[in-house]
Amino acid sequence: MSLIATPQTMSFNEPLLLSSGQRLQNYQLAYETYGKLNEKKDNAVLICHALNASHHVAGVYEANSESDVGWWDSMIGPNKPVDTNKFFVICINNLGSCFGSTGPMHINSETNKVWGADFPVVTVEDWVHSQERLIRALGISRLIAVMGGSLGGMQALSWSLEYPDKVDHCVVIASAPNLNAENIAFNEVARRAIVNDPDFHGGHFYEQNVIPKRGLKIARMVGHITYLSDDVMNSKFGRSLRNGEIKYSTQDIEFEIESYLRYQGEKFSDYFDANTYLLITRALDYFDPAKAHENNLTKALEKSKAKFLVVSFKTDWRFSPARSREIVKALIDNKRSVTYAEIDAPHGHDAFLLEDERYIELVRSYFEGIHKKLNAVTTHE
Amino acid sequence: MNKNAFIECIAQLVPPNSRVLDLGCGDGALLSYLQKNRKCTGYGVEIDDANVQACVKSDVEVIQLNLDEGLTMFSDQSFDVVLQIDTLQHLRNAETMLLETIRVGRLGIVSFPNFAHWPNRLSILGGRMPVTKRLPYQWYDTPNIRVGTFDDFGGLANKNNIKILDSFGIKDAKQVRLLPNLRAPTAVFKIEKQITVKD
């Protein structure tokens, strides 16, 4: 039987001071939980989501059990690597997103107008602070693990720095200590595609009853290319033609890869928000915990007390293994607990969402180890 | 070779409470033993997926790396002991890795199969590559890309100005100190960086 997920929301009226200096007077966070919080409230695992995902990380919705499967359902659930029979798993939709937490499509209570482009710029640290309030409200003072892939991995790393006494284990997958220039460049192409769409209206397109779909589509197409590896793209599409033969057209779809990218773009533009895309890519760009420490990552991670599992994928060029190794080196320099695996999967950045057996079993063993220690502590007392 | 007895034999060389880096740690059995019995901490380095998984299962922290790419991840003298147990014979850059071992560790412990052990000599005299308990492979399927002898290692250490603090052979999990080059299937060296005094 599938795990049934129930989305919830929690409202916060205490203003949240943001990295930019702005204040968010009030906000709500959408979230889901799976499994049971034990009596001692020490079995909670927080999952942080990446760019286009939501708080719906596992299971299905009762009304729609065929589609709507959580984005990391292969990893989280009963008897899955992060076993919801053992752990209480929480996933929170990030502020500024478009899946239920307060974002640019909502009403700004101070002006009674839709936020639009005026929604404050949020950072990874702001998300972590907002998440911590929700965790606290659930009565949890310490997380046994924080886990995420890509931008979610950045949040997990940030948790270990912002709240070093509240994180026991930190699982950082296919991530980086900051974005390099090439990575920021891809984000900028995506943002420009959105901003230059005539339907964007400077970010205030809601009032105009239009959606800058063309920009969103191109943004997604560019992004999607960077999530795949050359090999996978070649084996999946190669030079296959859509209609078997060349039509000598510059604008129609000729190659299968074009069709695939257009389809991905189309799908994305149906559910994602343009302002959210700008906000989240900016949060990615800004994340750089070493910056305040003369760009010395070792110094930056000195604060962290968590035990780490860092995983990268050999064919991931958007968040390459070399970037994960920087995190590992900084942890080793600080004599922190760390295990690092470099999975030889062919799927590029996307691999972190897929079911490579070596990867899945590694995470399973790691969480089994966490659970064993948790039980040992409980029995000992 | 009895694995557990061999582990105990090597473990005796590691001072209690040491911070240890085990290069080519395999399934993590030695590190696990050192953690439990000698209160050591540290990491293993391993390239093989199944071994990385085995380490995680036995609560040994492991860094998945190809040793042939060097030890740039580890700072100078950042470990009390760097172990290189049965690893040397698999490496392309064995000489560089030896120097890296004592750059990263204050103490290096290296062991490898001694090709000059007398049964191997007899086999070569008979015109065939040896196949023994210690070197159980045929010449065409061995994972060892090089073989060396106890005495050869002394020469390499000398060439690189590496100080040998102790050396002996191991046979049946016991130290062999008399004629180890002839009598022991396994060579063990305890090494450190030679400090050159500049005036």
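Sequence lines set the chain letters: A, B, ... in the order given, protein chains first and strands last, and positions in each chain run from 1.
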**OP:** Considering only heavy atoms and a distance below 4.5 Å, find which of A/K335, A/R325, A/E361 pairs most often with chain B.
**Re:** A/K335

**OP:** Would you confirm whether the ring centroid of A/Y34 sits within less than 6.0 angstrom of the ring centroid of A/F87?
**Re:** no

Original post:
Is chain B contacted by the side chain of A/E368, its backbone, both, or neither, given a heavy-atom distance below 4.5 Å?
Top reply: side chain

Original post:
Salt bridge or not for B/R146 and B/D152, using N-O below 4.0 Å?
Top reply: no

Subject >> Between B/D49, B/T72, B/T41, B/L65, the one whose heavy-atom pairs under 4.5 Å with chain A are most numerous >> reply: B/D49

**OP:** Flag the pair B/D76 and B/R103 as a salt bridge only when some basic side-chain nitrogen lies within less than 4.0 angstrom of an acidic carboxylate oxygen.
**Re:** yes

**OP:** Counting only heavy atoms closer than 4.5 Å, note whether A/I370 contacts chain B via side chain, backbone, both or neither.
**Re:** neither

Subject >> Top contributor to chain B contacts, counting heavy-atom pairs under 4.5 Å, from A/K307, A/R336, A/R364 >> reply: A/R336

Subject >> Pair A/F352 + A/F319: ring centers closer than 6.0 Å >> reply: no

Subject >> Residue, of B/K57, B/E61, B/E46, that accumulates the most heavy atom pairs under 4.5 Å with chain A >> reply: B/E61

**OP:** Using a strict cut-off of less than 4.0 Å between a Lys/Arg side-chain nitrogen and an Asp/Glu carboxylate oxygen, indicate whether A/D356 and A/R358 qualify as a salt bridge.
**Re:** yes

**OP:** For the pair A/D73 and A/K80, find out whether any cationic side-chain nitrogen is under 4.0 Å from an anionic carboxylate oxygen.
**Re:** yes

Original post:
Does any heavy atom of chain B fall under 4.5 Å from the side chain of A/K372, the backbone, both, or neither of them?
Top reply: side chain

